[in-house]
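The shown structure was predicted, so the numbers you read here are calculated from the model rather than taken from an experiment.
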Amino acid sequence: MGNLASTWNNAPNLVTMGRVLLIPGVLYFIDNFSPLRTFIASLLYLVSAAGDALDGYLARSRGQVSVLGKFLDPLADKLIVTAVLVFMVALGRVPAWLVVVLIARDLAITGLRSIASAEGIVIAASDGGKVKTALQLVAIMMLMIHFRYPMLGIDMMVDFHLTGLATLYISMAVSLWSAFDYIRGFVRAVARGTT
């Protein structure tokens, strides 16, 4: 218990909690009508994503990896992604069923990893999971920008909403594939443990 109490205010955990505090600001500025507001929302989301890299770097470089940090970091990731996607369903930007699939997959894998951990089985983050996370970041950024903008140096418009939605569908496919990979790894680890 002392370890938890002494680590709540270390630099990595403060950065992580700052990321959680950004969520209401991101949601406040998401808008279907104002390019300026959506730009601000996407900047805040980008700051949160940069904070994810920063808290990990600080924890490793300062030797401040903690149980609390291991809990807070993935929680902050899930909270901001879930909050933004649910909010976008309300704005009509993303189909509800797609968000349900993405959230259900994350809940299932989190539960599976908890069971594995309780059994002493370590399931490392897979390459598919990392690709899924990167695709979701890009997709959500594009969906937040939402409007059409010209591409730099080319006389062509990019519809950020459609591009973001297409990227989110790709992330769903990768997400389901990586979930299968996690489940297969878990089954193999259990089989090795029982033989």
| request: Just grab all the salt bridge (charged side-chain N to carboxylate O under 4.0 Å, His left out) pairs involving residues 100-110, residues at least two apart or on different chains. | output: D106-K132

| task | Hey, could you give me each pair passing salt bridge (charged side-chain N to carboxylate O under 4.0 Å, His left out) that has a residue in residues 21-36? Not counting sequence neighbours. | result | D31-R37

| task | Could you go through the side chain to side chain contact (heavy atoms under 4.5 Å, CB included) check for I115 and F186 one step at a time? | result | CA-CA 10 Å; I115 293 168; F186 175 75; 4.0 Å; yes

| request: Please indicate whether F39 has more than 12 foreign heavy atoms, meaning atoms of other residues, nucleotides or ligands, lying under 6.0 Å from its CZ. | output: no

| task | Taking atom OH of Y28 as the centre, report whether more than 12 heavy atoms of other residues, nucleotides or ligands fall under 6.0 Å from it. | result | no

If we only count heavy atoms from C-beta on, is the [X] to [Y] side-chain gap below 4.5 Å?
X	Y	value
Y149	P35	yes
Y182	R113	yes
M88	L143	yes
I103	V86	yes
H146	R93	yes
D77	R19	yes
Y45	V81	yes
V101	L176	yes

[X]-[Y] co-clustered via ILVMFWY side chain contacts under 4.5 Å:
X	Y	result
V187	W177	no
L137	I40	yes
V20	V47	yes
I183	F180	no
L168	F87	yes

| Can you list the steps and then say if L102 with Q136 is a side chain to side chain contact (heavy atoms under 4.5 Å, CB included)? | CA-CA 10 Å; L102 291 172; Q136 274 188 4; 3.6 Å; yes

Looking at [options], which hits side chain to side chain contact (heavy atoms under 4.5 Å, CB included) with [X]?
X	options	answer
I80	L27, L75, I23	I23
S42	I30, I140, I145	I145
P95	L165, V89, V100	L165

| Has the side chain of T163 got a donor or acceptor atom that lies under 3.5 Å from a matching backbone atom of F160? | no

| note | When every non-hydrogen atom of G164 is compared with those of A139, the smallest separation belongs to O-CB, 3.5 Å

| note | dist S175:OG -> L98:CG (nearest 0.5 Å) comes out at 9.5 Å

| message | Once you measure the plane-to-plane angle for W97 and Y169, does it fall in the parallel (<30°), tilted (30-60°) or perpendicular (>60°) bin? | response | tilted

| field | Set of residues satisfying salt bridge (charged side-chain N to carboxylate O under 4.0 Å, His left out) with respect to R148, sequence neighbours excluded | value | none

| message | side chain to side chain contact (heavy atoms under 4.5 Å, CB included) for F29 and T38? Distances and angles first, verdict last. | response | CA-CA 6 Å; F29 283 105; T38 57; over 6 Å; no

